[in-house]
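Take a look at the structure below.
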Amino acid sequence: MIGSRIAKFEILVCWFVIFCIPPGVTWGQVDTLDVAGILEYLSEGNAEALVSHAEGYLELALLEQPRRYTRSQALYVLEKFFRQYSPDGFRLDHSMTQGEEWWLTGSYSVRDERQGLRFYLRFGGIFPEYRLMAIQVIRS
């Protein structure tokens with residue numbers, strides 16, 4: 001009798017975990033946007049890791065007019081950008097959410113240059129999944 005109650009309880013717990021907790025969410029998790037990771041990728045100029053947070057398309061405006069790229073095209077463009085503007089660090093200046101969007105802005109130091117760049121990153125989605133949607137870079 002006690003064994004059947006324990007079995008019923010285990011089934012109930014499994015049912016709750018499977019159907020009531022969204023995929024990718026762990027207990028106590030606030031969100032899945034890895035801000036520290038994003039800052040590290042920008043500090044290192046790691047285009048591949050940055051693009052891994054994007055969906056199928058990414059809008060880029062790297063000191064020019066915005067254009068929409070596939071992930072593979074965006075990877076190529078960002079790698080070229082990071083080669084031309086070698087990173088010497090990134091500092092987060094501001095982070096905010098608005099509706100279903102999350103914005104990060106920061107200062108990007110360019111090696112061997114006095115003037116840095118400003119980065120604006122836009123993430124979209126709803127909890128718990130935020131995906132990189134756009135990167136804009138302007139001169140400070």
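Throughout, residue positions are numbered sequentially from 1 according to the sequence presented.
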Atom pairs and distances, side-chain donor-acceptor, residues 107-115, under 3.5 Å, sequence neighbours left out:
residue, atom, partner, partner atom, Å
Ser107, OG, Arg91, NH2, 3.2
Ser107, OG, Asp93, OD2, 2.7
Ser107, OG, Arg118, NH1, 3.3
Tyr108, OH, Tyr85, O, 2.6
Arg111, NH2, Pro87, O, 2.9
Gln115, NE2, Ser140, O, 2.5

Contact summary for Leu92 and Val35, nearest pair of heavy atoms: CD2-CG1, 4.2 Å
Tyr76-Val137 co-clustered via ILVMFWY side chain contacts under 4.5 Å: yes
Reported CG-to-CD distance for the pair Leu63 and Gln84, which is rounded to 0.5 angstrom: 8.0 Å
Atom CZ in Arg131, atom CZ in Arg122: separation rounded to 0.5 Å? 14.0 Å
Determine whether Leu78 and Lys80 make a side-chain contact, defined as any pair of heavy atoms from C-beta on separated by less than 4.5 Å. no
What's the separation between atom CG in Leu39 and atom CG in Leu104, rounded to the nearest 0.5 Å? 7.0 Å
With a 4.5 Å heavy-atom cut-off, do Phe119 and Ile135 have their side chains touching? yes
How many angstroms lie between atom CD of Gln136 and atom OG1 of Thr105, to the nearest 0.5 angstrom? 11.0 Å
Decide if atom CD of Glu64 counts as having more than 12 heavy atoms of other residues, nucleotides or ligands within a radius under 6.0 Å. yes
Hey, what do you get for OG (Ser43) to CD1 (Ile38), rounding to the nearest 0.5 Å? 11.5 Å
Does the plane of the ring in His53 sit parallel, tilted or perpendicular to the ring in Tyr41? Use 30° and 60° as the thresholds. tilted
Could you check whether any side-chain heavy atom of Tyr120 comes within less than 4.5 Å of a side-chain heavy atom of Ile138, counting everything from C-beta outward? yes
Decide yes or no for Arg139 and Leu117: does some side-chain heavy atom of the first lie under 4.5 Å from some side-chain heavy atom of the second? yes
Heavy-atom check, side chain of Leu121 versus side chain of Leu42, under 4.5 Å: yes
Okay, side chain of Arg71, backbone of Ala54: is any donor-acceptor separation there less than 3.5 Å? yes
Side chains of Trp103 and Glu101, heavy atoms from C-beta outward: is any pair under 4.5 Å? yes
Salt bridge between Glu59 and Arg68, side-chain N to carboxylate O under 4.0 Å? no
Does the side chain of Trp102 pick up a donor-acceptor pair with the side chain of Ser95 at under 3.5 Å? yes
Is it the case that the side chains of Thr70 and Gln73 hold a donor-acceptor pair, with the cut-off being a distance below 3.5 Å and no angle test? yes
Met133 to Phe123 - nearest heavy-atom pair and separation: SD-C, 4.1 Å
Distance in Å, Glu44 CD paired with Phe90 CZ, rounded so as to fall on 0.5 Å steps: 13.0 Å
How far apart are the C-alpha atoms of Leu60 and Leu58, what are their side-chain angles, what is the distance that settles it, and do they pass the side-chain contact (heavy atoms from CB on, under 4.5 Å) test? CA-CA 6 Å; Leu60 298 177; Leu58 182 61; 3.8 Å; yes
